[in-house]
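A note on names: the letters A, B, ... follow the listed sequences, proteins ahead of strands, and every chain is numbered from 1.
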Number of protein chains: 2
Amino acid sequence: MTIAAIQKLFREKRLKVTPQRCAIYNMMIHTQSHPTAEEIISHVKQALPMISLNTVYYTLNVFETAGLIMSINNTHTRYDTNLEPHHHLICVSCRKIEDVFDDALNQLHLSQKSDFEIRGYRVEFYGHCLNCQKPGTSIRRNKRLAITHL
Amino acid sequence: MTIAAIQKLFREKRLKVTPQRCAIYNMMIHTQSHPTAEEIISHVKQALPMISLNTVYYTLNVFETAGLIMSINNTHTRYDTNLEPHHHLICVSCRKIEDVFDDALNQLHLSQKSDFEIRGYRVEFYGHCLNCQKPGTSIRRNKRLAITHL
DNA sequence: GCAGTAAATAGTAATTATTACTAAATTGAG
DNA sequence: CTCAATTTAGTAATAATTACTATTTACTGC
Ligand SMILES: [Mn+2]
Ligand SMILES: [Mn+2]
Ligand SMILES: [Zn+2]
Ligand SMILES: [Zn+2]
């Protein structure tokens with residue numbers, strides 16, 4: 001993907017085209033490593049030494065909102081005593097977690113061989129819980145907003 | 001599950017039986033809410049007002065190591081530009097993330113109806129990457145240890 | 001039951017990922 | 001080019017988690 005193609009993509013998504021955004025996205029599409037914000041800034045700083053970590057987080061948030069990237073792992077650790085095979089429904093708005101018991105999901109396996117020595121797996125379904133489907137409650141303005149319904 | 005049964009369970013797992021541990025585990029098995037450490041301490045403080053948050057984290061770590069609980073979401077946020085349907089192999093030792101492309105995993109659905117308005121899902125396989133299968137590298141002594149191989 | 005020992009606890013400090021705030025710079029529209 | 005809105009960098013604040021340490025507690029033989 002060329003820089004010109006990245007710029008075109010940003011314009012299609014109604015995102016302003018800035019050197020910081022191009023550098024971040026360009027770095028991200030040229031790695032398989034699922035980088036953290038810190039890893040991103042350390043690469044991008046080679047081209048843009050003045051870039052701030054704040055801008056990286058802001059930009060990643062913009063990208064995710066625009067549907068250009070997805071984030072993996074992004075909230076408080078939660079704990080579960082139920083070790084029976086089961087999976088979770090996670091509300092992307094309020095972070096509520098509900099259990100899913102579904103035998104079909106407990107029989108998954110990889111068709112390809114891999115280097116990993118696999119111990120187990122989880123399926124996480126993302127969506128909006130009943131509460132957060134009501135208008136007005138579905139957008140978390142403050143990322144640190146407490147969850148009000150468990 | 002009675003307190004006596006909890007004590008028996010701890011002894012089977014070679015864990016010392018303490019009031020703090022009993023209170024924490026007892027609270028956890030009597031909720032469906034996948035509590036955070038903060039939620040746990042706020043409940044447990046009613047019975048044990050002097051308990052510290054440090055003890056809660058320490059105890060949760062002990063429980064997880066002993067295989068009594070599992071934690072959900074527990075590292076730095078990572079970002080992925082690849083929005084094609086795919087899933088991940090996550091190394092529980094070094095947190096490396098590898099992609100899994102497997103069509104069979106992209107056709108999952110819930111058999112039961114639920115209140116959630118589901119937007120998507122991910123399958124996360126947990127295990128040890130090739131690097132961390134070597135003896136001596138498989139245990140993260142320091143939780144904040146940097147990942148050395150991406 | 002008691003002494004000795006290793007582990008657990010509470011309290012506090014430190015760390016660090018992420019978010020908030022703000023003034024200055026930049027972008028895209030007209 | 002002009003102008004308004006957005007973005008950026010810098011810095012401060014926040015908050016989840018971990019580190020450190022002195023004291024207390026729980027288990028193991030005796
Ligand atoms: Mn669960
Ligand atoms: Mn991926
Ligand atoms: Zn919700
Ligand atoms: Zn690994």
Side-chain angles (χ1 to χ4, degrees), chain A residues 6-25 34-42 44-45 47-66 71-79 95 139-147, chain B residues 3 6-8 10-25 34-42 44-45 47-66 68 71-79 95 140-147:
Chain A
I6 292 172
Q7 294 177 344
K8 183 163 170 286
L9 177 64
F10 286 177
R11 294 214 170 86
E12 282 165 12
K13 297 281 186 180
R14 314 285 137 157
L15 303 181
K16 284 191 180 175
V17 176
T18 72
Q20 291 86 346
R21 287 178 177 182
C22 292
I24 291 170
Y25 192 69
H34 303 85
T36 64
E38 283 289 351
E39 287 159 9
I40 290 167
I41 200 174
S42 76
V44 169
K45 265 200 167 147
L48 297 171
M50 304 309 288
I51 195 171
S52 74
L53 191 54
N54 196 336
T55 298
V56 173
Y57 278 113
Y58 179 86
T59 302
L60 291 168
N61 196 50
V62 167
F63 286 172
E64 186 165 25
T65 304
S71 62
I72 304 171
N73 287 348
N74 56 28
T75 42
H76 299 186
T77 302
R78 294 187 165 273
Y79 300 90
R95 300 295 172 182
I139 295 166
R140 278 193 312 159
R141 255 164 283 175
N142 182 338
K143 283 208 173 190
R144 287 181 179 139
L145 195 63
I147 296 171
Chain B
I3 297 294
I6 291 172
Q7 294 176 343
K8 184 163 169 288
F10 286 177
R11 294 214 168 84
E12 283 165 10
K13 298 281 187 180
R14 315 283 138 161
L15 302 181
K16 285 190 180 176
V17 176
T18 71
Q20 290 86 346
R21 289 178 176 183
C22 292
I24 290 170
Y25 191 70
H34 304 85
T36 64
E38 282 290 351
E39 287 160 10
I40 291 167
I41 199 173
S42 76
V44 169
K45 265 200 166 148
L48 297 170
M50 304 309 288
I51 195 170
S52 74
L53 190 53
N54 196 338
T55 298
V56 173
Y57 277 112
Y58 179 88
T59 303
L60 291 169
N61 196 51
V62 168
F63 286 172
E64 186 164 26
T65 303
L68 286 178
S71 62
I72 304 171
N73 288 346
N74 56 28
T75 42
H76 299 186
T77 302
R78 293 185 166 274
Y79 300 89
R95 301 294 174 185
R140 277 194 314 158
R141 258 165 279 177
N142 183 337
K143 283 208 173 190
R144 287 182 179 140
L145 196 62
I147 296 172

Considering only [options], which nucleotide approaches the side chain of [X] most closely?
X     : options               : result
A/I51 : C/dA10, D/dA9, C/dA7  : D/dA9
B/T55 : C/dT9, C/dA7, D/dG10  : C/dT9
B/N54 : D/dT7, C/dA10, C/dA8  : C/dA10
A/K16 : D/dC27, D/dT7, D/dG10 : D/dT7

Rounded to the nearest Å, what distance is computed from the [atom1] atom of residue [X] to the [atom2] atom of nucleotide [N]?
X     : N      : atom1 : atom2 : result
B/N61 : D/dA16 : CG    : P     : 18 Å
A/I24 : D/dA9  : CD1   : P     : 8 Å
B/L53 : C/dA10 : CG    : C1'   : 11 Å
A/Y57 : D/dT14 : OH    : C1'   : 13 Å
A/F10 : C/dG28 : CZ    : P     : 11 Å
A/R21 : C/dA25 : CZ    : C1'   : 14 Å
B/K13 : C/dA7  : NZ    : P     : 19 Å
B/L48 : D/dT25 : CG    : C1'   : 14 Å

For [N], take OP1 and OP2 only and decide whether either is under 4.0 Å from a side-chain N or O of [X].
X     : N      : answer
B/Q20 : C/dA10 : yes
B/T18 : C/dT9  : yes
A/T77 : D/dT17 : yes

query = Just checking A/P19: base, sugar-phosphate only, or nothing, at a heavy-atom cut-off of under 4.0 Å?
reply = sugar-phosphate

message = Under 4.0 Å, heavy atoms only, any strand: does B/V17 hit a base, just the sugar-phosphate, or nothing?
response = sugar-phosphate

ask   = Can you check side-chain contact (heavy atoms from CB on, under 4.5 Å) on B/K16 and B/R21, steps first, answer last?
value = CA-CA 9 Å; B/K16 285 190 180 176; B/R21 289 178 176 183; 4.0 Å; yes

task = Report yes if the distance between the aromatic ring centroids of A/F63 and A/F10 is under 6.0 Å, otherwise no.
result = yes

key: Upstream residue (5' side of DNA chain D) when B/R11 and B/E38 are each assigned their closest nucleotide   = B/E38

note = Separation between OH (B/Y58) and CD1 (B/I24), nearest 0.5 Å, reads 12.0 Å

ask   = Is a donor on one side and an acceptor on the other found under 3.5 Å between the side chain of A/Q20 and the backbone of A/I51?
value = no

Exam field: side chain A/R78 to backbone B/I72, donor-acceptor pair closer than 3.5 Å = no

